[in-house]
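Owing to the predicted nature of the structure, the values given are computational and were not obtained by experimental measurement.
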Amino acid sequence: PEDYLALHKRAAQILQTAHQYGQALMHAYQAQEYNLAAHIIIEGAPTIVYEEHSEMILHWLEMLPDEIFKQYPQLLLIASNIHLRHGEFALVPPLLDTADALLNTHVKEEDQRAHEILQAELSIARGHLFFFQGEFQRTRELCQQALELLPPDERRLHIRAYQYLGVSLIVGTGQVQ
């Protein structure tokens, strides 16, 4: 059994390096290496088209033990963004609240940049939720907050923040300011 688990772990690591995330996850789960599986999901999710594979990503997340899932704010944000895209708004606040609590308890000086990016992503997700609740001013505030936190090279998150900011301006005021 130990050799079996070690082989699966090694296969997961090799496949992760090769960006074969689906196969890497299967091996990580077979090896019962749930932290490795979490890291594979975090690394692979941005490269996967959410709209096409959101069910698969949610399935991967649901396979993680709850204590692992709730250790990583990135996993909570991935799940919340999928639920937002699916219109499952009631599922989102507890995920965002847990991610927020994690971010506020696990700040390390050397991880300040990563912390600010996660904080910005959390603000964008909350802004997305508020948009669908009709709270357009709150959406704009959160997106502005996110843009202030984001480094210039985080294009994907800049795009999302400007997207919700712009749409909330148009829908919320009936015109572009």
Side-chain angles (χ1 to χ4, degrees), residues 4-86 88 91-92 94-129 146-147 149-164:
Y4 174 82
L5 297 177
L7 284 172
H8 276 291
K9 179 180 179 180
R10 185 67 188 128
Q13 293 167 330
I14 291 169
L15 290 163
Q16 178 185 13
T17 301
H19 307 288
Q20 299 295 318
Y21 300 114
Q23 292 178 357
L25 277 167
M26 289 188 315
H27 287 285
Y29 284 119
Q30 285 292 319
Q32 300 172 11
E33 290 287 338
Y34 301 115
N35 283 306
L36 176 59
H39 287 282
I40 293 168
I41 294 169
I42 291 165
E43 181 182 320
T47 65
I48 296 168
V49 179
Y50 276 96
E51 288 78 18
E52 295 176 13
H53 301 288
S54 60
E55 294 301 323
M56 177 181 65
I57 296 169
L58 279 176
H59 176 70
W60 290 342
L61 293 171
E62 289 166 358
M63 289 176 60
L64 289 171
D66 207 40
E67 65 272 7
I68 299 292
F69 177 68
K70 290 183 177 174
Q71 282 180 25
Y72 296 91
Q74 301 95 321
L75 297 177
L76 295 157
L77 286 167
I78 290 167
S80 67
N81 284 322
I82 291 170
H83 291 305
L84 283 166
R85 286 187 176 100
H86 288 179
E88 301 164 339
L91 300 175
V92 175
L95 295 169
L96 295 179
D97 291 343
T98 304
D100 195 17
L102 280 173
L103 285 174
N104 289 325
T105 58
H106 298 307
V107 182
K108 298 176 185 167
E109 289 297 321
E110 66 272 7
D111 292 342
Q112 187 62 33
R113 181 179 192 272
H115 180 266
E116 287 177 353
I117 291 169
L118 286 171
Q119 199 67 50
E121 190 168 358
L122 177 66
S123 292
I124 294 167
R126 281 200 195 280
H128 187 170
L129 179 62
L147 289 167
L149 289 169
L150 287 170
D153 63 335
E154 276 298 323
R155 287 184 294 230
R156 180 181 61 85
L157 293 176
H158 272 96
I159 290 167
R160 283 185 47 214
Y162 279 120
Q163 176 187 10
Y164 298 123

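Considering all non-hydrogen atoms of both residues, Leu77 and Ala99 come closest at CG-CB, 4.5 Å. Residues Ala125 and Asn81 come closest through the heavy atom pair CB-OD1, 3.8 Å. When all heavy atoms of Leu157 and Ile124 are compared, the pair lying nearest together is O-CD1, 3.4 Å. Nearest heavy-atom pair across Leu64 and Ile68 is CD2-CG2, 4.2 Å.
Ile82 contributes atom CD1, which lies 4.5 Å from atom CD1 of Ile57 (distance to the nearest 0.5 angstrom). Interatomic distance, Ser80 OG to Leu122 CG, rounded to the nearest 0.5 Å: 7.5 Å. Here CG of Asp66 is found 10.5 Å from CD of Gln71. Values are rounded to the nearest 0.5 Å. With rounding to the nearest 0.5 Å, the separation of CG in Leu96 from CG in Leu84 is 7.0 Å. Rounded to the nearest 0.5 Å, atoms CG (Leu103) and CG (Leu76) are 9.0 Å apart. For the atom pair CG (Leu61) and NE2 (His59), the distance works out to 10.5 Å, reported to the nearest 0.5 Å.
Using a distance-only test at 3.5 Å, with no hydrogens or angles considered, a donor-acceptor pair links the side chain of Tyr29 to the main chain of Trp60.
Taking 4.5 Å as the limit, some side-chain heavy atom of Asp97 sits within range of a side-chain heavy atom of Arg126. Using a 4.5 Å heavy-atom cutoff, the side chains of His158 and Leu147 are in contact. Between Leu25 and Met63 the shortest side-chain heavy-atom distance does not fall below 4.5 Å. With contacts defined as side-chain heavy-atom distances shorter than 4.5 Å, the pair Arg85/Ser54 does not qualify.
A side chain to side chain contact (heavy atoms under 4.5 Å, CB included) with Pro73 is found for one member of Ile42, Asp100, Leu118 and no other, namely Leu118. When each of Gln13, Gln23, Gln16 is checked for a side chain to side chain contact (heavy atoms under 4.5 Å, CB included) with Ile40, only Gln16 meets the rule.
Partners of Ser123 according to the side chain to side chain donor-acceptor pair (under 3.5 Å) rule, which considers only residues two or more places apart in sequence or in another chain, are Gln145. Residues meeting the ring-ring contact (aromatic ring centres under 6.0 Å, His included) test with Tyr21, sequence neighbours left out: His19. Residues satisfying the side chain to side chain donor-acceptor pair (under 3.5 Å) test with Glu154, not counting sequence neighbours, are none. With sequence neighbours left out, His27 forms a ring-ring contact (aromatic ring centres under 6.0 Å, His included) with His8. Applying the side-chain contact (heavy atoms from CB on, under 4.5 Å) rule to Leu149 yields the partners Glu116, Gln119, Ala120; only residues at least two apart in sequence or on another chain are considered. For Gln163, there are no side chain to side chain donor-acceptor pair (under 3.5 Å) partners, not counting sequence neighbours.
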Quick one: side chains of residues 30-39, donor-acceptor pairs under 3.5 Å with protein atoms, not counting sequence neighbours, listed by atom name and distance.
residue : atom : partner : partner atom : Å
Gln30   : OE1  : Tyr4    : OH           : 2.6
Asn35   : OD1  : Tyr72   : OH           : 2.7
His39   : NE2  : Tyr72   : OH           : 3.4

> How far apart are the C-alpha atoms of His86 and Leu58, what are their side-chain angles, what is the distance that settles it, and do they pass the side-chain contact (heavy atoms from CB on, under 4.5 Å) test?
Replying inline: CA-CA 11 Å; His86 288 179; Leu58 279 176; 4.2 Å; yes
